[in-house]
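Reviewing the structure listed below.
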Amino acid sequence: MFRNSGIALWALASSLLAACGGSAQAQDINAAVALVEQFIGAHRTHLDTMQGPLLNDARAVAPYVVDGLAVDGLQGRLGFDPIYNAQDFEITNLRVFADPTTPVLRGAAQVRVSLDNFGQRQEFVYTLVPVAPDNAWQISDIYSENSDWSLAGMAANLGIDLRRQNGSEVTLQNVGFPIPCASACGQPVKADAQEGHDPIVVPGMEEGDLPGNGINPAGRNLLLILDASGSMWGQIEGVAKITTARQALTGILGDLDPATNVGLMAYGHRREGDCSDTEILYPVANYDAGRLIPAIEGLSPRGKTPIAGALERAAAAMPAAGQSSSVLLISDGLETCGGDPCAAAARLAQSGIDTRVHVVGFDLNEEEHAALQCIAEKGNGTYHPANDARSFVAAVKDAVRETETVTPAPAPAPVARPTAETVFEETFDGPALNAAWRVDNPAEELTAFTPQGALFVAALGRAPYFTNPEATNRFVLDRPLPKGDFDLVLDFRVNVQTRREGVMLSLFEAAHEQIGARMWLEPKGCGTLLNLSLVRISGAEDDPETTSFDTNLLGGPWVDGVCNAAGRERGDAILETLGRDGAQLRLKRRGREITASLEMQMPGEGEALSYTTQSITVLRPSGAASLLGGHGHKALPGESHFEFDRFAIEVPKQ
C-alpha cells in the first residue's frame with residue numbers, strides 16, 4: 001500500500017496526471033529510482049561543500065521535488081534533516097530501490113531508501129509523480145517508517161501551499177542552470193564511442209580522495225579489474241567491446257548481495273603508451289553498487305595492457321586480510337608491458353585468506369586464452385572464455401557466481417580455552433554497590449536491587465545514549481585496570497520494550513572519549529533486530545570521531561534473515577531468551593587489539609550462540625570500566641528495563 005501523507009496526496013497526484021495526460025504508467029521505474037539517488041547525492045554535496053541543506057535552497061531542490069516542496073528554508077522550518085532523519089550524519093549502507101510490491105500504482109511511483117546514520121537504521125518511502133512539461137518524475141512526499149512522519153504532511157502543517165503552481169515544473173530534464181556533480185554523475189553517462197576523445201572526468205574520484213562506506217564484516221570482498229586498453233574499441237557483432245563490458249558489469253552490480261564489499265580498478269584508460277596507467281577508481285568497500293556505474297560508463301579505452309601491474313596494485317584496493325576476497329579480471333588481450341601476470345596473480349592469491357583471481361577472456365584466440373587461463377590457475381580462480389556478446393555476459397555472470405563460492409577453511413585443531421583469573425567482581429546482590437563504583441548523573445528512582453540478586457536499571461527517552469554526557473545512571477569503576485590483557489565481562493538481561501534498547505560496556509574517560517562493546521536493538525519492518533558493535537569515540541568534545549564495527553546478528557551470524565517465517569520465529573526466540581535468561585557482553589584486550597563479543601545460551605538443546613567483532617588497534621588503552629543501560633539516540637519517548645547480574649574483570653592465564 002502507498003503511504004498516505006496527511007494531505008490529499010492522490011488529489012495532488014491526480015492533478016499532476018491530468019496535466020501530463022495520465023501517461024505515468026509508461027514511466028520507467030528505474031528513472032524514479034535514479035532521481036531519488038541523485039536527490040540524495042545532491043543533498044550530501046550541499047552539506048559537504050558547506051552550502052547548507054538542499055531542502056533550504058528552493059532553486060537547487062526544484063529539479064527533484066514538486067513545486068510545492070521547493071521552498072527556501074524548508075528544512076530550517078522543520079527543525080531536522082528529513083533526508084537522513086537527523087541533524088548530523090555519518091551515512092553508510094545506503095540502498096535505493098523500487099518498492100517490490102507496488103513500484104507504480106495509479107501512475108505514481110514508490111521508491112524505498114534504507115541507510116545507516118551513525119549506525120542507526122533508517123527506512124524511507126519516497127512517492128514520485130510525473131509532471132509537465134516533459135512527464136519527468138518528481139518527488140511529492142517522503143515518509144519515514146522509523147518515525148512515522150510525512151514530509152508533505154509536515155509541510156502542510158507549517159502552512160505551506162502544496163498545490164501545483166501555475167507554469168511548468170523545473171525537472172532534471174529541462175533544468176536551465178548547473179546542478180552539482182553528485183546529481184549529474186548519479187546517472188549513467190555514456191562515453192563518446194570514438195577513439196581519441198577525452199575520457200569523462202568525474203570530480204572527487206581521484207586516488208587519495210576516494211569515497212567509501214566502510215567494510216561490511218559479514219560480506220565478501222570483490223574487486224573488478226576492467227581492461228580499458230585501446231583494443232577494447234574493437235567491435236563484436238557491430239558493438240564496441242567496451243560497450244558490451246559496460247552493459248554486463250552494470251547489470252551484474254545491480255544483482256550483487258547488498259552486503260558485498262565491491263571495488264573497481266581499470267588500466268589503459270587515461271594515457272596512450274603508458275605502462276603505469278593503472279588506477280584504483282573505488283577501493284573495496286560496502287558502497288551502494290550503483291555508485292560504481294558512472295565510473296564504469298566514463299571509461300574511455302586508449303592505452304596499453306599492463307595486467308601484471310594491475311594485479312600488483314590490486315592488494316592496495318583490498319581491505320585487510322581476514323574475509324573472503326576475490327578479483328575478477330576482464331581482458332581482451334595479453335600483457336603488453338613486459339610483466340608476468342601469472343606470477344603477479346600467484347602473489348596476490350597468497351596475500352590474504354581465500355583470495356582468488358578469476359578471469360574472463362574476451363575475443364581471444366586459443367593461444368591467448370591459454371595465456372590468460374594461467375592467471376586464473378595461479379590465482380586459485382577460474383577462467384571463463386567468451387568470443388561474442390552473449391557468451392561474454394554469461395561468462396561475467398558465471399565468474400561472479402564463482403566469487404560467491406567461498407572455499408571453507410580447514411577446521412582448526414581444538415585449542416583448550418585458557419582459564420582466567422577474576423581480579424574484580426560485582427554480583428549486584430545489594431544492598432549497595434561496591435564502593436569503587438561512581439554513578440554519573442544518578443537517578444536513584446530508576447535503580448533498585450532485586451530479590452534475585454541483580455541491579456535493576458530503568459532508562460527513559462533519548463537521554464541515556466552512550467555518547468551523551470548527560471546520560472543517566474552511567475556506572476564507572478574507579479579502579480585501575482590490569483596492565484596487560486584482560487576482559488571486561490557483563491552478564492545482563494533486557495526485554496524488548498521500545499525496540500531501541502542498548503547496553504554499553506566500555507573503557508570510559510568521557511562521553512566523547514571511550515571504546516566499548518555495545519549490544520543494541522533496532523526496529524525493522526520484519527521485526528526487531530539484535531546488533532553487536534565495537535565502537536570507538538575520540539577527539540574534540542564538540543566534534544568527536546567515531547569508528548564502529550556493526551553486525552546484525554539476526555541477518556547472518558545467528559539467523560539467516562528475519563523476513564521469512566522461520567527466520568522471524570528463530571529471531572523472536574533469541575530475543576525472548578535475551579529477556580528471560582540474558583546474555584554475556586565482553587570487551588577484550590589482547591595486546592593492542594580490542595574486540596567485542598556477545599554470547600548466549602539458547603534453551604532446549606543448549607545451543608550456544610557467540611559472535612566476536614573485528615578488532616580495533618589501540619596503542620595504550622585507557623579509561624575506566626563503565627556500564628550503561630540506555631537507548632539509541634533516536635529513540636522515541638519510552639521506558640526500558642535492564643538487569644545487571646554480574647560484572648567482572650578477568651585476566652587470561654597463559
Side-chain angles (χ1 to χ4, degrees), residues 415-440 447-457 466 473-494 501-509 514-520 532-536 577-601 606 608-613 615-616 618 621-630 641-654:
V415 177
R417 186 172 182 176
T419 58
E421 177 187 358
T422 300
V423 297
F424 178 85
E425 184 177 48
E426 171 66 82
T427 58
F428 301 110
D429 291 332
L433 287 169
N434 186 298
W437 292 103
R438 79 166 194 262
V439 184
D440 292 349
T447 65
F449 289 99
T450 70
Q452 291 75 32
L455 176 63
F456 170 88
V457 180
F466 71 95
N473 291 325
R474 190 193 304 268
F475 300 92
V476 182
L477 186 66
D478 187 12
R479 176 188 173 97
L481 292 169
K483 294 186 180 300
D485 294 346
F486 61 82
D487 290 8
L488 303 184
V489 186
L490 177 65
D491 294 335
F492 69 96
R493 288 187 293 274
V494 57
E501 283 76 18
V503 175
M504 182 73 165
L505 172 64
S506 69
L507 296 174
F508 178 84
E509 292 187 275
Q514 56 179 313
I515 180 170
R518 180 177 174 233
M519 181 240 66
W520 48 288
L532 175 67
S533 298
L534 175 63
V535 185
R536 182 181 185 182
T577 300
L578 182 67
R580 184 184 61 248
D581 302 326
Q584 185 177 87
L585 188 63
R586 283 180 179 261
L587 186 68
K588 307 178 183 181
R589 175 189 176 179
R590 296 294 183 270
R592 296 179 175 178
E593 304 298 315
I594 304 290
T595 58
S597 70
L598 187 69
E599 298 179 13
M600 293 178 61
Q601 193 78 20
L609 299 177
S610 177
Y611 187 84
T612 300
T613 66
S615 64
I616 290 178
V618 181
S622 60
S626 173
L627 316 176
L628 179 67
H641 299 159
F642 305 86
E643 290 186 37
F644 296 155
D645 281 338
R646 175 181 179 267
F647 168 80
I649 302 174
E650 298 177 352
V651 175
K653 290 184 177 180
Q654 301 300 324

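All values reported here derive from a predicted model rather than from experimental measurement.
Within the model, atoms OG1 of T595 and CD of E593 stand 8.5 Å from one another, a figure rounded to the nearest 0.5 Å. Taking CG of L532 as the start and OG1 of T612 as the end, the distance is 8.0 Å to the nearest 0.5 Å. Distance check: Q601 CD to Q584 CD gives 11.0 Å after rounding to the nearest 0.5 Å. Atoms CZ and OG, on R474 and S626 in that order, are 5.5 Å from each other to the nearest 0.5 Å.
Judged by distance alone, the side chain of T613 and the main-chain N or O of A596 form a donor-acceptor pair under 3.5 Å. Here the side chain of R589 pairs a donor or acceptor atom with the backbone of G591 at under 3.5 angstrom.
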Exercise for review: Please report the C-alpha distance between L477 and I649 in whole Å, then the side-chain angles of each, then the deciding distance to 0.1 Å, and finally whether the side-chain contact (heavy atoms from CB on, under 4.5 Å) criterion is met.
Suggested key: CA-CA 11 Å; L477 186 66; I649 302 174; 3.8 Å; yes
Exercise for review: Walk me through it: do V457 and F475 pass the test side-chain contact (heavy atoms from CB on, under 4.5 Å)?
Suggested key: CA-CA 11 Å; V457 180; F475 300 92; 4.0 Å; yes
Check your understanding: Could you go step by step and tell me if M519 and V494 meet the side-chain contact (heavy atoms from CB on, under 4.5 Å) rule?
Key -> CA-CA 10 Å; M519 181 240 66; V494 57; 4.2 Å; yes
Review point. How far apart are the C-alpha atoms of F647 and W437, what are their side-chain angles, what is the distance that settles it, and do they pass the ring pair (Phe, Tyr, Trp, His ring centres under 6.0 Å) test?
Key: CA-CA 12 Å; F647 168 80; W437 292 103; 5.4 Å; yes
Exercise for review: Give the intermediate values and the outcome of side-chain contact (heavy atoms from CB on, under 4.5 Å) for residues L455 and F449.
Suggested key: CA-CA 5 Å; L455 176 63; F449 289 99; 3.9 Å; yes
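The two atoms that bring A454 and D645 nearest to each other are CB-OD1, 3.1 Å, heavy atoms only. Residues F424 and R479 share a closest heavy-atom pair of CD1-CD, 3.6 Å. Among all heavy-atom pairs drawn from L505 and L488, the shortest one is CD2-O, 3.4 Å. Among all heavy-atom pairs drawn from L481 and G623, the shortest one is CD1-O, 3.3 Å. Residues A517 and L585 share a closest heavy-atom pair of O-CD2, 3.5 Å. Contact detail for R518 and M504: the closest heavy-atom pair is CB-SD, 3.6 Å.
In this structure, K653 does not pair ionically with E421, as no charged nitrogen and carboxylate oxygen lie closer than 4.0 Å.
Taking the six-membered ring where the residue is Trp, F428 and F644 present tilted rings, their angle falling between 30° and 60°.
Every residue was checked against the side chain to side chain donor-acceptor pair (under 3.5 Å) condition with T577, not counting sequence neighbours, and none meets it. Under the side chain to side chain donor-acceptor pair (under 3.5 Å) criterion, N473 pairs with no residue at all, not counting sequence neighbours. Residues passing the side chain to side chain donor-acceptor pair (under 3.5 Å) test with R590, sequence neighbours excluded: D487. Every residue was checked against the salt bridge (Lys or Arg N to Asp or Glu O under 4.0 Å) condition with E426, not counting sequence neighbours, and none meets it. In this view, D440 and R438 satisfy the salt bridge (Lys or Arg N to Asp or Glu O under 4.0 Å) rule, not counting sequence neighbours. For S506, the side chain to side chain donor-acceptor pair (under 3.5 Å) partners at least two apart in sequence or on another chain are Q514.
Proximity of L628 to F508: side-chain heavy atoms (C-beta onward) are nowhere separated by under 4.5 Å.
Of the listed residues (V489, L490, I594), just one forms a side chain to side chain contact (heavy atoms under 4.5 Å, CB included) with L587, and that residue is I594.
Residue-environment remark: CG (D581) exceeds the threshold of 12 foreign heavy atoms within 6.0 Å.
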